[in-house]
Number of protein chains: 2
Amino acid sequence: MDVALKAIADPRRREILRLVWSKELPASDIASHFHDVTRSAVSQHLGVLRNANLVCERRDANRRLYRANVEEMANLRTFLDQYWSGRLNRLKSAAEAAQRDKDARNG
Amino acid sequence: MDVALKAIADPRRREILRLVWSKELPASDIASHFHDVTRSAVSQHLGVLRNANLVCERRDANRRLYRANVEEMANLRTFLDQYWSGRLNRLKSAAEAAQRDKDARNG
DNA sequence: TGCTTACGTAAGGCGCAACTTAAATACGAA
DNA sequence: TTCGTATTTAAGTTGCGCCTTACGTAAGCA
């Protein structure tokens, strides 16, 4: 999950995700959308997104077609929703507060 | 918004946010929660979070009390929800597709 | 005034992440 | 096979982020 968060922390990668959100695109089309960076750089960004499971890759002859993995994006959203304010978090906070109190008494 | 995303991309800062989510804490308490890093490092993380408007700071004599800015966190969540699948995005995508088609015809 | 506590800030080290160019790989076509 | 296209991968540079140590600042107290 950390990998996914670091992936979307980069504006270039967010733009790529937006490009392939609703339609499949070959790497060349994605790359040609950025005029200030080489194809190689875009390819490496795609590698990061692929590694974070945020995009799917499909081969078509010469080309590689990319598409956003909407399901994984949804997982990321629910994680963000629940990390801070979910039930698990409240339990964990209480446990850690107790641990800190204990440490403070014994330290 | 980019600042906020980069801020929560770091696991240490996410942990800090979780610590001050439901209760106000002085910087020293936050720092003492991390045993593998100095107070200075934690202070710098707090600076990043403050700069991203993800935490509020309140002074009490000697100390500085921190608390998560839940409202800004909610803004971040809605941004994440709408960035990829919102109406603005659909319009922007259509415009860019048209531009690419135009470029393809003229190039 | 001095001392202590609780912080932030400055300066520098170090690793990683993003980029470039150049080379390698994969595929289709001649 | 040879060539051209599409793309990744390798190698190297550079800048930025996280860290530490050292110093500065603000507040309370003797």
Side-chain angles (χ1 to χ4, degrees), chain A residues 1-20 23-68 100 103-104 107, chain B residues 1-20 23-68 100 103-104 107:
Chain A
M1 192 56 66
D2 195 51
V3 189
L5 275 173
K6 286 210 194 307
I8 66 166
D10 185 280
R12 199 96 63 178
R13 285 193 286 266
R14 285 200 302 276
E15 180 69 10
I16 292 178
L17 275 177
R18 207 177 54 67
L19 286 175
V20 298
K23 59 184 175 303
E24 214 176 25
L25 282 181
S28 56
D29 279 25
I30 300 172
S32 62
H33 186 264
F34 300 95
H35 305 300
D36 56 341
V37 89
T38 60
R39 288 161 187 271
S40 180
V42 174
S43 176
Q44 289 172 57
H45 280 305
L46 285 170
V48 173
L49 290 171
R50 197 183 329 124
N51 191 261
N53 199 28
L54 291 174
V55 295
C56 306
E57 183 200 275
R58 182 173 71 90
R59 303 203 176 189
D60 170 45
N62 233 359
R63 312 179 306 171
R64 300 198 187 184
L65 302 174
Y66 286 93
R67 164 172 70 85
R100 276 196 301 280
D103 289 345
Chain B
M1 191 55 64
D2 193 53
V3 189
L5 276 173
K6 285 207 195 307
I8 66 165
D10 185 277
R12 199 96 63 176
R13 285 193 288 265
R14 286 200 300 275
E15 180 68 10
I16 292 178
L17 275 176
R18 207 175 54 69
L19 285 175
V20 298
K23 58 184 177 301
E24 215 176 24
L25 283 181
S28 55
D29 279 24
I30 300 172
S32 62
H33 185 265
F34 299 96
H35 305 298
D36 56 341
V37 91
T38 60
R39 289 163 186 272
S40 179
V42 174
S43 178
Q44 289 173 56
H45 280 306
L46 285 170
V48 172
L49 290 170
R50 197 184 329 122
N51 190 262
N53 198 28
L54 290 174
V55 295
C56 306
E57 183 202 273
R58 183 173 71 90
R59 303 205 179 189
D60 169 45
N62 232 0
R63 311 180 306 169
R64 304 202 183 179
L65 303 174
Y66 286 94
R67 169 172 65 86
R100 276 195 300 281
D103 291 343

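Convention: sequence-line order gives letters A, B, ...; per-chain numbering from 1. Given the structure is predicted, the values throughout are model-derived calculations rather than measurements. No hydrogens, no waters, no symmetry mates; every other heavy atom, side chains included, goes into these values.
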Gap between atoms NZ and P, on A/Lys6 and D/dC18 respectively (whole Å)
7 Å
A/Ala61 has a side chain; which of D/dT8, C/dG8, C/dC27 sits nearest to it?
C/dC27
Would you kindly give the CG-to-P distance between B/Leu65 and C/dC7, to the nearest whole Å?
8 Å
State whether the distance check finds a donor on one side and an acceptor on the other, under 3.5 Å, for side chain B/Gln44 versus base D/dT20.
yes
With sugar-phosphate meaning primed atoms plus P, OP1 and OP2, does B/Val37 contact a base, only sugar-phosphate, or nothing at under 4.0 Å between heavy atoms?
sugar-phosphate
Mind calculating the distance between CD1 (A/Ile30) and C1' (D/dT8) to the nearest angstrom?
14 Å
Any donor-acceptor N/O pair under 3.5 Å between D/dT21 base and B/Ser40 side chain
yes
Just wondering, do B/His33 and B/Glu15 contact through their side chains at under 4.5 Å, heavy atoms?
yes
Integer-rounded Å distance: C/dG8 P and B/Arg59 CZ
8 Å
Between C1' of D/dT9 and CD of A/Glu57, the distance in whole Å:
14 Å
Grab the CG-C1' distance between B/Leu25 and C/dA6 for me, whole Å please.
15 Å
Taken to the nearest whole Å, CG/A/Leu5 to P/D/dG17 is 17 Å
Using a 4.0 Å heavy-atom cut-off across all strands, classify A/Ala41 as base, sugar-phosphate, or nothing.
base
Short side-chain N/O contact to D/dT8 OP1/OP2 from A/Tyr66, under 4.0 Å
yes
CZ/B/Arg12 to CD/B/Gln44 distance, rounded to the nearest 0.5 angstrom?
12.0 Å
d(CZ, A/Phe34; C1', C/dT20) in whole Å
17 Å
Between A/Asn62 and A/Val42, whichever has its closest DNA chain C nucleotide further toward 5' is A/Val42
Any side-chain N or O of B/His45 below 4.0 angstrom from OP1/OP2 of D/dG17?
no
Examine C/dG28: is either OP1 or OP2 under 4.0 Å from a nitrogen or oxygen in the side chain of A/Arg63? Give yes or no.
no
Looking at B/Asp2 and A/Arg14, is any side-chain nitrogen of the basic one under 4.0 Å from a carboxylate oxygen of the acidic one?
yes
Should A/Ser28 be listed as having a side-chain N or O under 4.0 Å from OP1 or OP2 of D/dT7?
yes
Polar contact flag, side-chain donor to acceptor under 3.5 angstrom, A/Arg50-A/Tyr66
yes
Options C/dC19, D/dA26, D/dT9, nucleotide nearest the side-chain atoms of A/Ser43
D/dT9
Residue pair A/Arg64/A/Asp10 against DNA chain C: nearer the 5' end by closest nucleotide is A/Asp10
Of the nucleotides D/dA6, D/dT20, C/dT20, which one has an atom closest to the side chain of A/Thr38?
C/dT20
Hey, is the side chain of B/Arg12 poking within less than 4.0 Å of OP1 or OP2 on D/dC19, counting only N and O atoms?
yes
Any donor-acceptor N/O pair, A/Ser32 side chain to A/Ser28 backbone, under 3.5 Å:
yes
Any heavy-atom pair between the side chains of B/Leu65 and B/Glu57 that's under 4.5 Å?
no
When we call it a touch if two heavy atoms are under 4.0 Å apart, what does A/Asp36 touch: a base, just sugar-phosphate, or nothing?
sugar-phosphate
